[in-house]
Amino acid sequence: MGTMKIPHTARYRKRVGSFGGTDVKRDSSVISFSTAARCYNFDMSSGALREGYGTETHALVPNSARRYYVYRYYSDEDGKYIDQYLYQLKNGLIMCYDSKRKMHLYISGKQFPEMHAVNYRLNSADVLLLSFSDGTLKSWNGSKIVDYPVPDISSMALHYERLFVTSKTEPTKVFFSDDLDPTNFAVSSDGGGFIELLDERGNLNKVVSFGSYLYIFRDHGISRVTAFGDQREFSVVNLFVTAGRIYPSSIATCGSSVMFLASDGLYRFDGYDCVRVLENLDGLIVAGDNCSCAYHNGKYFLACGMDFGDGEIVGCEAAEHTVNGLLVLDMSTGEYSVTRGTDITFMNSCTYEGEDYLVCCDGGAGRVISRCGTRNGEPLPKVWTGADTDFGSPDAVKSVREVYIKTSVACELTLENGKKKKTLAVKPGDRRVRVNFNARRMSLTVGCAAAACTVKPPTIVYSV
């Protein structure tokens with residue numbers, strides 16, 4: 001009597017391992033299965049998918065604030081430092097809120113252009129130096145504004161008790177104030193003066209005090225100024241030069257290095273050398289000076305335009321906007337996340353009443369940036385799409401039978417091969433999802449509509 005043979009189909013398991021960052025530079029067919037061909041609004045620093053960065057309201061940030069700075073002054077009456085924040089409205093008016101008086105006040109009835117501010121101690125008193133986009137310089141001492149005759153300012157930096165500024169009307173020069181007086185730019189052999197640089201690096205756009213030197217970021221390069229006290233001992237060395245254009249609004253001092261965006265990509269500068277970083281995001285980040293940046297809690301935040309190339313509309317993209325993306329780069333680990341759907345046109349890292357927060361203007365409203373997974377209370381849609389895979393058998397048809405996945409919230413799994421796709425709803429919990437999807441090559445997408453989430457790396461069961 002014979003024995004009937006029952007065909008047996010071998011089953012294999014493919015585990016994602018850990019969710020990886022985005023690589024839009026290389027073709028998805030040559031990157032690893034755990035690398036994302038597309039990802040936004042997820043944070044993957046733990047290996048799992050969690051909510052990424054977004055914007056939310058904050059009790060200390062007025063909704064009407066377009067720009068926001070903190071001024072600290074010493075109160076002889078109270079015998080301690082008092083925190084006051086200044087914020088600028090859409091119409092240019094500037095208001096302040098004093099933590100001592102507990103009230104909002106207009107600091108002037110005049111409408112000002114966009115402002116930038118730094119704290120300084122002038123004539124034994126704490127002041128906030130205010131430069132404006134029309135090139136003017138003023139100071140605020142907590143009760144009144146004082147005007148100063150200065151060069152037409154485009155950027156400013158305090159360095160060894162002098163104020164260094166670049167000029168809109170004279171872009172080949174960097175001007176410096178008198179020693180110990182950042183408001184006096186009268187040119188003299190022992191007071192203020194200027195340094196003129198004429199070479200292929202182009203115009204002088206931004207000054208940054210970093211370490212023991214002053215760095216001048218120019219159209220196509222960086223120059224270093226040694227400026228300790230006596231101006232007769234000032235010296236200049238030209239460092240970095242690039243064919244790409246450096247965007248001043250992307251420059252931020254980040255601990256032991258300076259980050260900036262150029263037309264040919266992102267750079268990290270250590271004071272001597274520039275190194276390209278995150279080249280895998282070339283093509284995603286849209287180069288241009290419509291950006292803003294900040295350094296906060298060890299991370300570089302860059303709000304800029306991004307091209308996701310998928311035809312989807314997320315968050316601010318449904319209306320008129322300036323930018324649509326936010327890159328958050330951890331300077332110590334190199335891990336990063338990408339937020340899509342926020343229109344951030346200003347950000348500033350602040351400490352007020354002992355609390356650290358990153359204030360921003362998103363879509364014209366004052367907000368703070370945090371890892372909340374939302375934009376102004378609305379959850380941001382989250383997507384991670386892995387690279388195409390053939391499971392090591394390029395010519396064979398694979399049949400995905402099941403996906404094992406653990407998720408804290410409801411999510412969707414989508415398998416796609418370019419011609420067809422299958423989307424399955426997944427409930428919260430430790431789930432075994434039946435799939436039955438056949439293809440030679442395929443990609444896996446995890447989608448989530450919740451604000452907060454944790455999705456562990458899945459395991460795919462398939463047969464050949």
Engineer: Can you give me the closest heavy-atom contact between A252 and C293, atom names plus distance?
Structural biologist: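 Residues A252 and C293, closest heavy atoms: CB-SG, 3.8 Å.
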
Engineer: Salt bridge (Lys or Arg N to Asp or Glu O under 4.0 Å) with D270: which residues, sequence neighbours excluded?
Structural biologist: none

Engineer: Side chain to side chain donor-acceptor pair (under 3.5 Å) between S45 and R50: does it pass, once the steps are laid out?
Structural biologist: CA-CA 9 Å; S45 57; R50 300 182 298 167; 3.0 Å; yes

Engineer: Taking the side chain as everything from C-beta on, heavy atoms only, tell me whether F217 gets closer than 4.5 Å to R201.
Structural biologist: no

Engineer: What's the verdict on side chain to side chain donor-acceptor pair (under 3.5 Å) for D83 and S99, showing C-alpha distance, side-chain angles and the deciding distance?
Structural biologist: CA-CA 6 Å; D83 283 347; S99 61; 5.9 Å; no

Engineer: Which is it for Q84 and I82 under the side chain to side chain contact (heavy atoms under 4.5 Å, CB included) test, yes or no, and what are the steps along the way?
Structural biologist: CA-CA 7 Å; Q84 183 183 86; I82 303 295; 5.6 Å; no

Engineer: Take K138 and F112, measure what side chain to side chain contact (heavy atoms under 4.5 Å, CB included) needs, and give me the verdict at the end.
Structural biologist: CA-CA 11 Å; K138 309 177 192 304; F112 296 96; 3.4 Å; yes

Engineer: Side chains of S370 and E56: any donor to acceptor distance under 3.5 Å?
Structural biologist: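 Yes, a side-chain donor-acceptor pair sits under 3.5 Å.
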
Engineer: Is it the case that the side chains of S399 and N436 hold a donor-acceptor pair, with the cut-off being a distance below 3.5 Å and no angle test?
Structural biologist: no

Engineer: Tell me, which pairs form a salt bridge (Lys or Arg N to Asp or Glu O under 4.0 Å) where one or both residues lie in residues 422-432, sequence neighbours left out?
Structural biologist: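 Non-adjacent pairs meeting salt bridge (Lys or Arg N to Asp or Glu O under 4.0 Å): E402-R432.
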
Engineer: Could you tell me whether the side chain of V435 reaches within less than 4.5 Å of the side chain of L424, counting heavy atoms only?
Structural biologist: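 Side-chain contact under 4.5 Å: yes.
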
Engineer: Checking side-chain contact (heavy atoms from CB on, under 4.5 Å) between L130 and each of M156, Q88, M115, which is the one that passes?
Structural biologist: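 Among M156, Q88, M115, the one that satisfies the side-chain contact (heavy atoms from CB on, under 4.5 Å) with L130 is M115.
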
Engineer: Can you tell me if S337 uses its side chain to pair, donor with acceptor, with the backbone of D43 under 3.5 Å?
Structural biologist: no

Engineer: Does a salt bridge link R440 with D390, judged by any charged N lying under 4.0 Å from a carboxylate O?
Structural biologist: no

Engineer: Can a donor-acceptor pair be found between the side chains of T445 and T414 at a distance below 3.5 Å?
Structural biologist: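 T414 and T445 do not have a side-chain donor-acceptor pair below 3.5 Å.
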
Engineer: Any side-chain hydrogen bond (donor to acceptor under 3.5 Å, both in side chains) pairs touching residues 291-301, not counting sequence neighbours?
Structural biologist: H296-S349

Engineer: Can you list the residues that meet the salt bridge (Lys or Arg N to Asp or Glu O under 4.0 Å) rule with E114, with sequence neighbours excluded?
Structural biologist: R67

Engineer: Is any side-chain heavy atom of C360 closer than 4.5 Å to a side-chain heavy atom of Y68?
Structural biologist: no

Engineer: Applying side chain to side chain contact (heavy atoms under 4.5 Å, CB included), name anything that partners N280, two or more places apart in sequence or on another chain.
Structural biologist: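 Residues passing side chain to side chain contact (heavy atoms under 4.5 Å, CB included) with N280: D23, L278, Y336.
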
Engineer: Show your reasoning for whether side chain to side chain donor-acceptor pair (under 3.5 Å) applies to S263 and R245.
Structural biologist: CA-CA 5 Å; S263 58; R245 183 175 180 272; over 6 Å; no

Engineer: Between the side chains of T166 and S154, is a donor N or O closer than 3.5 angstrom to an acceptor N or O?
Structural biologist: yes

Engineer: Under a plain distance cut-off of 3.5 Å, with no hydrogens placed, do R401 and S463 share a side-chain donor-acceptor pair?
Structural biologist: yes

Engineer: D152 and G135: which non-hydrogen atoms are nearest, and at how many Å?
Structural biologist: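 Result for this residue pair: OD1-CA, 2.9 Å.
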
Engineer: Please tabulate, for the side chains in residues 307-319, all donor-acceptor contacts under 3.5 angstrom to protein atoms that are two or more places apart in sequence or on a different chain.
Structural biologist:
from: D307; atom 1: OD1; to: G309; atom 2: N; distance (Å): 3.1
from: D310; atom 1: OD1; to: E312; atom 2: N; distance (Å): 3.0
from: D310; atom 1: OD1; to: R340; atom 2: NH1; distance (Å): 3.3
from: D310; atom 1: OD1; to: R340; atom 2: NH2; distance (Å): 3.1
from: D310; atom 1: OD2; to: R38; atom 2: NH1; distance (Å): 2.8
from: D310; atom 1: OD2; to: R340; atom 2: NH1; distance (Å): 2.9
from: E317; atom 1: OE1; to: V314; atom 2: N; distance (Å): 2.8
from: E317; atom 1: OE1; to: R340; atom 2: NE; distance (Å): 3.3
from: E317; atom 1: OE1; to: R340; atom 2: NH2; distance (Å): 3.3
from: E317; atom 1: OE2; to: N324; atom 2: ND2; distance (Å): 2.8
from: E317; atom 1: OE2; to: R340; atom 2: NE; distance (Å): 3.0

Engineer: Give the minimum heavy-atom separation between D282 and G265, together with the two atoms involved.
Structural biologist: OD1-CA, 4.4 Å

Engineer: By salt bridge (Lys or Arg N to Asp or Glu O under 4.0 Å), which residues pair with R101, not counting sequence neighbours?
Structural biologist: D98

Engineer: Taking side chain to side chain contact (heavy atoms under 4.5 Å, CB included) as the definition, give me every residue that meets it alongside T333, ordered by chain and number, with sequence neighbours left out.
Structural biologist: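 So T333 forms a side chain to side chain contact (heavy atoms under 4.5 Å, CB included) with D330, E335.
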
Engineer: Distance only, no hydrogens: is a donor on one side chain within 3.5 Å (strictly under) of an acceptor on the other, for T345 and T322?
Structural biologist: no

Engineer: Do F301 and Y53 come close enough that some side-chain heavy atom pair is under 4.5 Å?
Structural biologist: yes

Engineer: Which atom names give the shortest non-hydrogen contact between L358 and A294, and what distance separates them?
Structural biologist: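 Smallest interatomic distance, heavy atoms only, reads CD1-CB, 3.7 Å.
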
Engineer: Counting neighbours of CD on E320 that are heavy atoms of other residues, nucleotides or ligands and sit closer than 6.0 Å, is the number greater than 12?
Structural biologist: no

Engineer: Name the orientation class of the two ring planes belonging to F346 and Y69 (parallel below 30°, tilted from 30 to 60°, perpendicular beyond 60°).
Structural biologist: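 Rings of F346 and Y69: perpendicular, over 60°.
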
Engineer: Do S249 and D289 meet the criterion of a side-chain donor-acceptor pair at a distance under 3.5 Å?
Structural biologist: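 Short answer, yes.
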
Engineer: Do V174 and V165 come close enough that some side-chain heavy atom pair is under 4.5 Å?
Structural biologist: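 Contact flag for V174/V165 side chains = no.
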
Engineer: Any side-chain heavy atom of M442 sitting closer than 4.5 Å to one from V400?
Structural biologist: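 Yes; the side chains approach each other to less than 4.5 Å.
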
Engineer: Side chains of residues 454-461: which donor-acceptor partners sit under 3.5 Å, not counting sequence neighbours?
Structural biologist:
none

Engineer: Parallel, tilted or perpendicular: which fits the ring planes of Y215 and Y213, with parallel below 30° and perpendicular above 60°?
Structural biologist: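 Taking Y213 first and then Y215, their aromatic rings stand perpendicular (interplane angle over 60°).
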
Engineer: Let's go through Y272 and I222 carefully: what are the C-alpha distance in whole Å and the side-chain angles of both, what is the deciding distance for side chain to side chain contact (heavy atoms under 4.5 Å, CB included) to 0.1 Å, and is it a yes or a no?
Structural biologist: CA-CA 10 Å; Y272 298 93; I222 304 172; over 6 Å; no

Engineer: Is E378 atom CD crowded by more than 12 heavy atoms from other residues, nucleotides or ligands, each under 6.0 Å away?
Structural biologist: no

Engineer: Please report the closest heavy-atom contact between I107 and L86, naming both atoms and the distance.
Structural biologist: CD1-CD2, 4.1 Å

Engineer: Would you please name every residue forming a ring pair (Phe, Tyr, Trp, His ring centres under 6.0 Å) with Y81, sequence neighbours left out?
Structural biologist: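 Y74.
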
Engineer: Between D362 and R367, is there a salt bridge with N-O shorter than 4.0 Å?
Structural biologist: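 Salt bridge absent between R367 and D362.
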
Engineer: Below 30° counts as parallel, above 60° as perpendicular, anything between as tilted: where do the rings of F164 and H159 land?
Structural biologist: perpendicular

Engineer: Sequence neighbours excluded, which residues qualify as salt bridge (Lys or Arg N to Asp or Glu O under 4.0 Å) partners of R224?
Structural biologist: none

Engineer: Is the cationic atom of R276 (NZ for Lys, CZ for Arg) positioned less than 6.0 Å from the six-membered ring centroid of Y267 and within 45 degrees of its normal?
Structural biologist: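 Output yes; distance and angle both within limits.
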
Engineer: Do I246 and H220 make a side-chain contact, defined as non-hydrogen atoms from C-beta onward lying under 4.5 Å apart?
Structural biologist: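 SC-SC contact between I246 and H220 ruled out.
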
Engineer: Before you tell me yes or no, could you show the steps for K382 and V446 under side chain to side chain contact (heavy atoms under 4.5 Å, CB included), namely the whole-Å CA-CA distance, both residues' side-chain angles and the distance that decides it to 0.1 Å?
Structural biologist: CA-CA 8 Å; K382 301 162 181 60; V446 180; over 6 Å; no

Engineer: Tell me whether the NZ or CZ atom of K420 lies within the 45° cone about the ring axis of F437 and under 6.0 Å from its centre.
Structural biologist: yes

Engineer: With sequence neighbours excluded, give me every ring pair (Phe, Tyr, Trp, His ring centres under 6.0 Å) pair touching residues 365-384.
Structural biologist: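 Passing the test, one end in residues 365-384: F19-W384.
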
Engineer: Is any side-chain heavy atom of K90 closer than 4.5 Å to a side-chain heavy atom of S64?
Structural biologist: no

